[in-house]
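So the structure is just underneath, and the comments pick up after that.
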Amino acid sequence: MGRIPKAAVVLAALATLLSVWTEKLSAETFEPHLVISVASYDELKNDLRYIGSVFGNPQLADALEGLILLNTRGQGLRFWDRTRRWGVAVQLDANAILQGAEPAEASVGVLVLPITNLKQFLSSIEGLVGVAESIEAGVFRVSSPQGEPVYFKQQDRWVVATNKQDLLAALPANPATLLQGVGENYDLALQVNFGRFPAELQDRLVNQAIDAMESGLVREPEESEQEFAARKEIAEWWSRQLSSYYADLDQLVWGISIDSTARKVAVDFAITAIPGSVGARLADRLAGAQSRFLALSRANPSIAFRVSAPIGDTLAWELERGLEKARQQALKGVAQETDQEQARLARTFINKLMDVLVDILAKSNVDMAFAAWGTPGKGFAVIAAETTSAKKVNDLLQAIEEALRNEPDLQAVIRPEIEEVNGVTIHQVLLKIPADVEDREKVVEFFGQEEIELAAAVGERAVFLAIGRETTQRIKEWARAAAVPQKVEGAVLSLEMDLLSLATWAENFAPEADDREGAARLAEALREAGGSGKVQISGAAIPRGLRFRGEMDGTALKALAILLQMEVAPGLPTRPPFGPAPPLPVPEIPAPPAPRF
């Protein structure tokens, strides 16, 4: 027998789903703590058709339609409005959970379906859910396989279903309001209304999350004392943030979006704060973020990272404390150096570097960016940051210059203050690639010349550090663009990757053979998919909150399908690209390890 379609599965399993929702709650009010929202059937079918074409089964959506016809006596979804969303709303009994009940045993839920004729719809699926019994006007009862009843009611152009008959009277006249505003841009969304949880339950949930983090704070056998201390510091920082801000939480939303028109897939996590709270005010500040370095990501790099965020004084203080600890740890390591001159140079460099990092990162507004180009013959990388002290940066450059002059074997040609543009002074160092460097030919091939250019550009508000070729010309262009900050439209935190460019670089220059082999497979898959493959991870300000998104375009998704066909993932069957899809084996999933930080 074929697989039962989604709509039929929901209705066939409805009794099982609702049977665990006990009748412990008052029906006087229904304010859901959890809401699951699903796209309309037409949207799901279009997206399924797209996913099927990517993974080599373009008839997948049509097969679904056929199965629905088969399991509804040929009537299909005649009484299901294919253009409207549907979903589930769940209310928890907090008192029962606090007394030890499992959440699934202390909740009541309502299924909201876009059905226009309940009686005829139930008749069409009798073979799946059994015969429905009319118990009052517009209300039907269906017994589940476990004997628990499920109640259906027609309300205007909607149908609601629940295992608690009394709850039907408490629902809004328009059941769609239970789903309103939940994941309207997603194929599937889960919203947790955390702000509706009683304070005691919030405390318990947060303490459990903190306990889970701390359970991973065990030093691993291969982990050094310094590495463990750093990981512990990060975990403790997250614990402090969670303890400080969880009372501000209003909603958490997870969403999956498949855009068959734009040919991309996105996974989101959004968090919003209670109006007027500290978290909400922080989000409002992020919405006004500006950056001097938007031009870097617009120059088609292989990889680009940017953070432009007014983080506030509290987080700035936390960052400064962390950087000072890193300074002391680094100086402690230098103390073991027996060569006094080398130790002096190292101490000077560390102190000057940490001074610059504190100036760039430990302030209420952070604006920095990184970009790299991996094209053979044109290798280039640049890091840029907003600064408030050009003097500290120049002090660091002087320390680097002294260290270079102390190493004559490097054959460094130092060219200070070679040019100035928009108040930004450019310095340059030329380093001849040593003859004894490992894989020298590949290094020369990557940079496209026998010398490596290092350049630094320092202004009153911005600093650039670059390595590659034609560094001066590129920095001049970016320095002009950085003169005036621009409003950030969208992400305040962004990581963008061109997978083909990165894979081509790793295929040629990665130090390990396994890495080169894996990169070659990815590059082959991307070329077969017909594009470069774009992936972006971002964080954007939304009203009263933040939204984090992971997104890949159609080429990257298709390359993933091809990689699966290549058996890059163990246990998957091979098949010709985009040929008939064999059934996939169901892997045995082990229990997840304790979280590690």
Side-chain angles (χ1 to χ4, degrees), residues 6 32-40 42-44 46-48 50-51 54 84-90 178-197 205 209 238 241-242 245-246 248-275 277 279-280 282-287 289 297 303-309 311 488-497 499 533-560 595:
K6 286 183 180 178
H33 295 96
L34 311 174
V35 180
I36 299 174
S37 178
V38 186
S40 71
D42 281 349
E43 288 183 55
L44 290 175
N46 286 337
D47 294 337
L48 192 59
Y50 169 60
I51 294 298
V54 168
R84 287 186 285 156
R85 299 184 69 87
W86 53 286
V88 179
V90 179
L178 295 173
L179 309 178
Q180 191 171 0
V182 180
E184 294 176 351
N185 297 319
Y186 301 113
D187 288 82
L188 177 66
L190 167 63
Q191 177 174 294
V192 179
N193 295 314
F194 191 81
R196 291 179 178 172
F197 291 9
L205 293 173
W238 276 111
Q241 302 309 306
L242 194 56
Y245 291 110
Y246 79 88
D248 291 350
L249 287 182
D250 187 16
Q251 294 177 338
L252 304 171
V253 177
W254 290 264
I256 300 173
S257 173
I258 302 171
D259 190 332
S260 57
T261 302
R263 295 184 175 275
K264 61 183 180 181
V265 176
V267 178
D268 285 4
F269 169 65
I271 179 171
T272 56
I274 296 170
S277 65
L282 175 60
D284 290 342
R285 287 203 302 270
L286 291 174
S297 60
I303 183 170
F305 171 80
R306 175 182 54 79
V307 56
S308 310
I311 60 175
V488 174
E489 301 291 347
V492 297
L493 173 70
S494 176
L495 173 63
E496 302 175 53
M497 293 174 282
L499 295 184
K534 303 288 187 181
V535 173
Q536 181 178 21
I537 300 171
S538 62
I542 58 175
R544 296 188 290 113
L546 282 173
R547 184 203 66 217
F548 299 94
R549 167 171 292 180
E551 181 178 289
M552 65 171 59
D553 68 3
T555 300
L557 188 64
K558 187 176 289 188
L560 174 62

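Basis for what follows: all heavy atoms, side chains included, without hydrogens, waters or symmetry-related copies.
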Parallel, tilted or perpendicular: which fits the ring planes of Phe269 and Phe548, with parallel below 30° and perpendicular above 60°?
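The rings of Phe269 and Phe548 lie parallel, inter-plane angle below 30°.
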Can you tell me how far the [atom1] atom of [X] sits from the [atom2] atom of [Y], to the nearest 0.5 Å?
| X | Y | atom1 | atom2 | answer |
| --- | --- | --- | --- | --- |
| Thr555 | Lys558 | OG1 | NZ | 7.0 Å |
| Asn46 | Ile51 | CG | CD1 | 12.0 Å |
| Ser297 | Ile303 | OG | CD1 | 12.5 Å |
| Gln191 | Thr272 | CD | OG1 | 7.5 Å |
| Asp259 | Glu43 | CG | CD | 10.0 Å |
| Ile537 | Met497 | CD1 | CE | 4.5 Å |

Could you tell me whether the side chains of Gln536 and Ser494 share a donor-acceptor contact shorter than 3.5 Å?
-> yes
task = Please test Leu495 against Phe305 for side-chain contact (heavy atoms from CB on, under 4.5 Å), starting from the C-alpha separation and ending with a verdict.
result = CA-CA 4 Å; Leu495 173 63; Phe305 171 80; 4.2 Å; yes
After noting the C-alpha distance and the side-chain angles of Leu44 and Asp187, does the key distance pass the side-chain contact (heavy atoms from CB on, under 4.5 Å) rule? CA-CA 7 Å; Leu44 290 175; Asp187 288 82; 3.9 Å; yes
Check: [Y] main-chain N/O paired with [X] side-chain donor or acceptor under 3.5 Å:
| X | Y | value |
| --- | --- | --- |
| Arg544 | Ala283 | no |
| Asp248 | Ser277 | no |
| Arg549 | Ala491 | no |

Compare every heavy atom of Tyr186 with every heavy atom of Ser257, then report the nearest pair and how far apart it is.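 Shortest heavy-atom contact: CB-CD2, 4.0 Å.
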- Query: Taking all atoms of both residues into account, what is the closest heavy-atom pair of Ala89 and Pro32, and its distance?
  - Reply: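 In terms of heavy atoms, the two residues are closest at CB-CB, 3.8 Å.
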Which of Val192, Ile271, Ile274, Asn193 passes side chain to side chain contact (heavy atoms under 4.5 Å, CB included) with Leu249? Answer is Ile271
Q.
Take a 6.0 Å sphere around CG of Asp42 and say whether it holds more than 12 heavy atoms from other residues, nucleotides or ligands.
A. yes
request  = Begin from the C-alpha positions of Val35 and Leu178 and carry the test side-chain contact (heavy atoms from CB on, under 4.5 Å) through to its verdict.
outcome  = CA-CA 8 Å; Val35 180; Leu178 295 173; over 6 Å; no
Problem set entry | Side chain to side chain, Val182 and Ile36, heavy atoms closer than 4.5 Å |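 Not in contact.
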- Hey, mind stepping through Met552 and Leu499 against side-chain contact (heavy atoms from CB on, under 4.5 Å) and telling me if it holds? CA-CA 10 Å; Met552 65 171 59; Leu499 295 184; over 6 Å; no
- Apply the test salt bridge (charged side-chain N to carboxylate O under 4.0 Å, His left out) to residues Asp553 and Lys264: give CA-CA distance (whole Å), side-chain angles for both, the deciding distance (0.1 Å), then the verdict. CA-CA 4 Å; Asp553 68 3; Lys264 61 183 180 181; over 6 Å; no
